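Treat the numbers as computed from the prediction; the structure is a model and nothing was measured. Here is the naming used below: chain letters follow the sequence lines, and residue numbers restart at 1 for every chain.
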Protein chains: 2
Amino acid sequence: MKISKTEENYLKVIFSILEKGKPSASTNAISKKMQTSAASVTDMVKRLAKKKLAIHESHKGVKLTKRGGQIATMLLRKHRLWEVFLVDKLDFLWDEVHEMAEELEHIQSKEMIDRLDSFLGNPKFDPHGDPIPDAEGNFATRQQTPLNEFKVGEKGTVVGVRESSTPFLQYLDQLDLGLGSKVEILEKFEYDNSAKILLNKSKEIVITGKVCLNLFLQK
Amino acid sequence: MKISKTEENYLKVIFSILEKGKPSASTNAISKKMQTSAASVTDMVKRLAKKKLAIHESHKGVKLTKRGGQIATMLLRKHRLWEVFLVDKLDFLWDEVHEMAEELEHIQSKEMIDRLDSFLGNPKFDPHGDPIPDAEGNFATRQQTPLNEFKVGEKGTVVGVRESSTPFLQYLDQLDLGLGSKVEILEKFEYDNSAKILLNKSKEIVITGKVCLNLFLQK
DNA sequence: TTTTATTTTTAGGCTAATCTAAAAATTTAT
DNA sequence: ATAAATTTTTAGATTAGCCTAAAAATAAAA
């Protein structure tokens, strides 16, 4: 059975909602992420259910079947491997690759993606620190904590970002605060959740609460 | 103006027909190559004409506008560069890459393809010996002659194939007669256009008229 | 607990790309 | 030059994916 690019995009969005711990993805949540009307979502969800990729109970949101989840996972694998390719081999910056990977992730061949994986040296994380599923769909796990949960005096290394929008990533580049940066918390300001940090043992900077919330560090 | 994948495929097919020296591409010729009905072709050709990508006079076939030709050329560029990537970097065989390249050629970013070009070392020919247009759309030319036009005693190097179907390429692999092979014509048999050749200065083999017709050599 | 607000679904329509069958135009052959 | 064959176009239908507007179901508030 053939799965269209559009269907794949819905599976990805549903997967990303379920991944956040929700028991099911609501029509509205999906329509917001997909930038389509709620009516279109209902349409598509029924089609996915008919293809045994999703489970849909009227007015109760949608879940993915095992197969639906596998497809979504392979899309993440492809997306993230292509991002590594674009950054490592074609020298793009981490904030430039998302759109291209959105297209590349729909290329079919499993053999190709497995070879790409090994060509890239079987990376475990993409340029934003997100884990890359292996050929069987297993994600690497890593002990990581959002910066806002760190206490004064604690140290860590930036290993991921919660959000990978271009403006946020460019802002991090400006701060010189990319993946691999060493951070020590010097002060925390409760009234706006900002913090003063020592960056790479050399530079003291103040970062906002939003940045603290969106950076993942390994202690 | 957005151009769909389907429209791109039509442009490619029309371009390939015009490339063979035809003054215009007929509805029937296009429908055969596209595996669709003639009626669908008429429909699409009108759409392409409305978008100023093609010129269509009823019952007189279709030509491409400058822009239509440019788009087709960029598709060839993308297709052939991806084929080089798949063979040189991911170690696929020359007969395995066509289908994957058919998908990859529709990825948009011009910046990406230019970087891919330089990552691959600006190759001038793809794994089948077909010329790769540069970023401005210029094709490399090369003095090449089909093997059937060679005379007894003449020598040459295989630089291209007229047809790149999987069975033909696999057959060439079996004969050990890939790109770069050195060939000397020992005998020509007129009754069926077959020939006896000395391959790589070491092995004498007989090849059929069809093979002679489909191999391009540089003298 | 009834009213109000929100969410979801249904109904009906649109466009791109396809099809088959039939009509019109062109080409080939007698 | 007219008939026959072929090619091309038109007409009308279909499917996927989308829309808006209205109806139905559920959740929130008074």
Novice: Take atom CD of B:E57 and atom C1' of C:dA24, then tell me their distance rounded to the nearest Å.
Specialist: 17 Å
Novice: Does a nitrogen or oxygen in the side chain of A:T27 sit under 4.0 Å from OP1 or OP2 of C:dT9?
Specialist: yes
Novice: Indicate whether OP1 or OP2 belonging to C:dA16 is found under 4.0 Å from a side-chain N or O atom of B:T6.
Specialist: no
Novice: Classify the nucleic acid contact of A:S40 as base, sugar-phosphate or nothing, counting any heavy atom under 4.0 Å across all strands shown.
Specialist: base
Novice: Ignoring hydrogens, what is the shortest heavy-atom contact between B:K51 and B:K2? Give both atom names and the distance.
Specialist: NZ-O, 3.0 Å
Novice: Report yes if a side-chain nitrogen or oxygen of A:S58 is closer than 4.0 Å to either non-bridging phosphate oxygen (OP1 or OP2) of D:dA25; otherwise report no.
Specialist: no
Novice: Write down the atom of B:C212, the atom of B:A195, and the distance for their closest heavy-atom approach.
Specialist: SG-CB, 4.1 Å
Novice: Between B:R47 and C:dA17, is there a contact of a side-chain N or O with OP1 or OP2 at under 4.0 Å?
Specialist: yes
Novice: Atom NE2 of B:H59 and atom P of C:dA25: how far apart are they, to the nearest Å?
Specialist: 7 Å
Novice: Between B:A38 and A:K5, which residue's closest nucleotide on DNA chain D lies nearer the 5′ terminus?
Specialist: B:A38
Novice: May I ask you to decide if A:K151's main-chain N or O and A:E154's side chain share a donor-acceptor pair within less than 3.5 Å?
Specialist: yes
Novice: For the residue pair A:E163 and A:L169, what are the closest heavy atoms and their distance?
Specialist: O-CD2, 4.4 Å
Novice: Just N and O in the side chain of A:S4: are any of them under 4.0 Å from OP1 or OP2 of D:dG17?
Specialist: yes
Novice: Counting only side-chain N and O atoms of B:H56, is one of them less than 4.0 Å from OP1 or OP2 of D:dT8?
Specialist: no
Novice: Between C:dT8, C:dA17, C:dC19, which nucleotide has the shortest distance from any of its atoms to the side chain of B:E7?
Specialist: C:dA17
Novice: From C:dA17, D:dT10, D:dG17, pick the nucleotide closest to the side chain of A:M44?
Specialist: D:dG17
Novice: Students often get this wrong, so: under 4.0 angstrom with heavy atoms, is A:T42 touching a base, only sugar-phosphate, or nothing?
Specialist: base
